[in-house]
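Below, chains carry the letters A, B, ... as their sequence lines are ordered, and counting in each starts from 1.
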Number of protein chains: 2
Amino acid sequence: MSINYNSYPTIKDVAKKANVGIATVSRVLNNSEKVSEKTRKRVLQIVEDLGYSPNLHARSLSSKKGNSVSLVVPSIGNEVYATIYSALEKELSKKGYRMIVFPLMDNLSLQKIKQKTDLIYQTDGVFIASLCINKIFKDNPPNKKIVLIDSFDERFDSVHIDNFEVGVNAAKYLLQKQKDDSDFFLISYKEVQDEFTSTVFENRDRGFVETLEKNGKKPNIIYTDLNWDSGFKLAKRIASKKKHNLIFSTADKIAFGLKAFFDQNIYTPDEDYNMISVDDLPFSKVTGLTTIRQPFEKMAKEATNLYFSYIEGNEDIKNIKLKTKLIIRET
Amino acid sequence: MSINYNSYPTIKDVAKKANVGIATVSRVLNNSEKVSEKTRKRVLQIVEDLGYSPNLHARSLSSKKGNSVSLVVPSIGNEVYATIYSALEKELSKKGYRMIVFPLMDNLSLQKIKQKTDLIYQTDGVFIASLCINKIFKDNPPNKKIVLIDSFDERFDSVHIDNFEVGVNAAKYLLQKQKDDSDFFLISYKEVQDEFTSTVFENRDRGFVETLEKNGKKPNIIYTDLNWDSGFKLAKRIASKKKHNLIFSTADKIAFGLKAFFDQNIYTPDEDYNMISVDDLPFSKVTGLTTIRQPFEKMAKEATNLYFSYIEGNEDIKNIKLKTKLIIRET
DNA sequence: CTGAAAGCGCTTACAG
DNA sequence: CTGAAAGCGCTTACAG
């Protein structure tokens, strides 16, 4: 029934063959302590011969640390998190850490992660990207270091941008593209159970709306899903040749869909519409989308620093706010 | 320096408080054996009170199985693998299994996975999607059940489609769209170290080229990366209003980029070009792309079956070939 | 520099 | 139905 692990050599096998104690084998494997060059070599040779590899469970159990860390993301299949993942992994592996991703793409994943027996509770630390921690763990988050990426909660370390300001800047950009017949649109994202929605989009929305208000304008507000299809379908609804549309899409993914529709139907920037978005994913450049760039790599780097600063004994809660950059292109 | 786990209650703590042996606690936690309803309840209550959760490392070490499985994918940030991930997770969690993703987005990840000490070697089984197993593990794959998804190797269980046939069908479709001034293009993907490239694209390419040849045609062949940007940039190079272009893009992701360029520059299907692709990602529908649908969900389901069939004692190697479906849309 | 021994937190025969 | 004990494969003081 169950898989046979007996075929794998253990530290004992290595020790016996090398004529040393298991402690010595352990030492050379962890290249710790002082082991004579001679026995070190011999042990390594045997390790090689036997194809030995340490059992991580035993190691973690014994040493009380797993050298692994969790990354919770809303979804796989999204370049944003691929970017964050890569950047984090790069930093973490410098320190010998492994990272395990927990995508929360559906309710199933969410339920799993809430169970105390879940894998996530066995890792040394938890990075959470773009998600509201309350939503995930209710009032009962894992009892280990938590670092928030692209979201904010004063109770935890975080690296994020000023999303209110993002909204403000988006408004300013569009305001300056304004014509007599301009209509303003805010295309944003809101989760179903919105009591738990991450404040990221909320803040972008507020910054945008309040800035427009100050200028005597009021946008049409539409909520949709974070993907191309939604953007495309939405564009069909709002596109109009009679009016000049000024659109703030709070995520590139949605904007790509909108743009695809506009392109397909020959709506031209400045003429029929102007649009600004957030993220600056690779495709933005190619398609000529004006957007506000998020410093994802830097976020990952800072988040890692935060984590290791904690590991090294620093218990203060730190919130790091990173700068964004307006990237003006055709739209 | 290291995290203090002493704060976590252990099975001993529970046992003591409940006035039972640890074996009993273990039994109720695994809802195995017969435990009297009375003590079961008491133990569960204490578990709750203490906020106890079992240590997975200890459990795995002791029971010799981790109830976890690996999924190796070429990349996160790609809807294809998000789909496969979700489908697999759904199936696996029915059986109480956890899945850990290993995206191989860069050389770093690849190196890690090759080390015998890596996490992947601690899981009970390995699913590999769209990748060539030789490339990843050289001649030294993990010594546990391996199931290939969307690729083929006679030495391992696999679920895949007939990629040669995919190429044939793409050719047939385009051939029937042919005009006097038609130019054929094959836009495909090839890895740098091509001795290890998965045969998926190779087969699509061959099926396409050979079918055209039979009809006295020869396509222009261009290799590029698997993403939108590449497709977009490529389109710039090959687009021409003077000729009618017949394009087989071997992946939707690339086709999206091409399509975006065509739309932006007012090239119309049937008129200026026709295009067929592979995958049928959600965006294909919305943008009107003709494509050959891959049955990703079914693949995941079959792959899970293969795995559990092995767990239940069936040691035969099985290769399952799934049907694809031509989805004709505007292009 | 090295080994014997205790211990990490579980599961699982074994005996009752 | 239940408990004491062995054992999973490591690491880490401790003693030499």
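Atom-to-atom, CG of B:Leu61 to C1' of D:dG7 comes out at 9 Å; the value is rounded to the nearest Å. Regarding A:Gln122, its CD atom lies at a distance of 16 Å from the P atom of C:dC8, rounded to whole Å. In this structure, CG of B:Asn67 is placed 11 Å from P of C:dT11, rounded to the nearest angstrom. B:Arg59 has its CZ atom 15 Å from the P atom of C:dG9, to the nearest Å. Between B:Ile11 atom CD1 and D:dA4 atom P the separation is 13 Å, expressed in whole Å. Whole-Å rounding puts the B:His57 NE2 to D:dG9 C1' distance at 13 Å. For A:Lys12 and D:dG7, the NZ to P distance is 8 Å, given to the nearest whole Å. Per the geometry, NZ belonging to B:Lys16 stands 12 Å off P belonging to C:dG9, to the nearest Å.
Comparing D:dC10, C:dG9, C:dC1 against the side chain of A:Tyr52 picks out D:dC10 as the nearest.
Residue A:Asn19 is classed as a sugar-phosphate contact, given heavy-atom separations below 4.0 Å to backbone atoms only. Within the 4.0 angstrom heavy-atom criterion, no nucleotide atom of any strand lies near B:Ser60.
From A:Lys318, atom NZ reaches atom OH of A:Tyr310 across 12.5 Å, with rounding to the nearest 0.5 Å. Going from atom NZ of A:Lys301 over to atom CG of A:Leu88 covers 11.5 Å, rounded to the nearest 0.5 Å. Once rounded to the nearest 0.5 Å, the distance linking CG of B:Leu56 with OG of A:Ser60 reads 10.5 Å. The CG atom of B:Leu306 lies 11.5 Å from the CD1 atom of B:Ile311; values are rounded to the nearest 0.5 Å.
Ring planes of A:Tyr97 and A:Tyr307: perpendicular class, angle over 60° (limits at 30 and 60°).
Comparing B:Glu37 and B:Ala58 by the nucleotide of DNA chain D that holds the closest heavy atom to each, the one mapping nearer the 5' end is B:Glu37.
There is no side-chain donor-acceptor pair under 3.5 Å between B:Thr304 and B:Lys95.
Within the 4.0 Å cut-off from OP1 or OP2 of D:dG9, at least one side-chain nitrogen or oxygen of B:Lys64 is found. An OP1 or OP2 oxygen of D:dC1 is reached within less than 4.0 angstrom by no side-chain nitrogen or oxygen of B:Thr24.
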Side chain to side chain contact (heavy atoms under 4.5 Å, CB included) evaluation trace for B:Tyr52 with B:Asp13:
CA-CA 9 Å; B:Tyr52 166 76; B:Asp13 300 321; over 6 Å; no

Run B:Arg155 and B:Asp153 through salt bridge (Lys or Arg N to Asp or Glu O under 4.0 Å) and show every step you take.
CA-CA 5 Å; B:Arg155 300 168 298 162; B:Asp153 186 314; 2.9 Å; yes

So A:Thr24 and A:Val35, side chain to side chain contact (heavy atoms under 4.5 Å, CB included) or not? Walk me through it.
CA-CA 7 Å; A:Thr24 301; A:Val35 185; 4.2 Å; yes

Output a table of nitrogen or oxygen pairs between the protein and nucleotides 12-16 of chain D separated by less than 3.5 Å.
| from | atom 1 | to | atom 2 | distance (Å) |
| --- | --- | --- | --- | --- |
| D:dA13 | N6 | A:Arg27 | NH2 | 3.2 |

Could you write out DNA chain C as dot-bracket? Rules: Watson-Crick or G-U wobble, both distances under 3.5 Å, brackets [ ] for crossings, | for pairs with another strand, dot for unpaired.
|||.||||||||.|||

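Nucleotides C:dC10 and C:dC14 have their P atoms positioned 24 Å apart, rounded to a whole Å. When the P atom is used for both D:dC1 and D:dA5, the distance is 24 Å, rounded to whole Å. The C1' atoms of D:dT12 and D:dG16 are separated by 16 Å, rounded to the nearest whole Å.
Ring centroids of A:Tyr121 and B:Tyr8 are separated by 6.0 Å or more, keeping the two rings apart.
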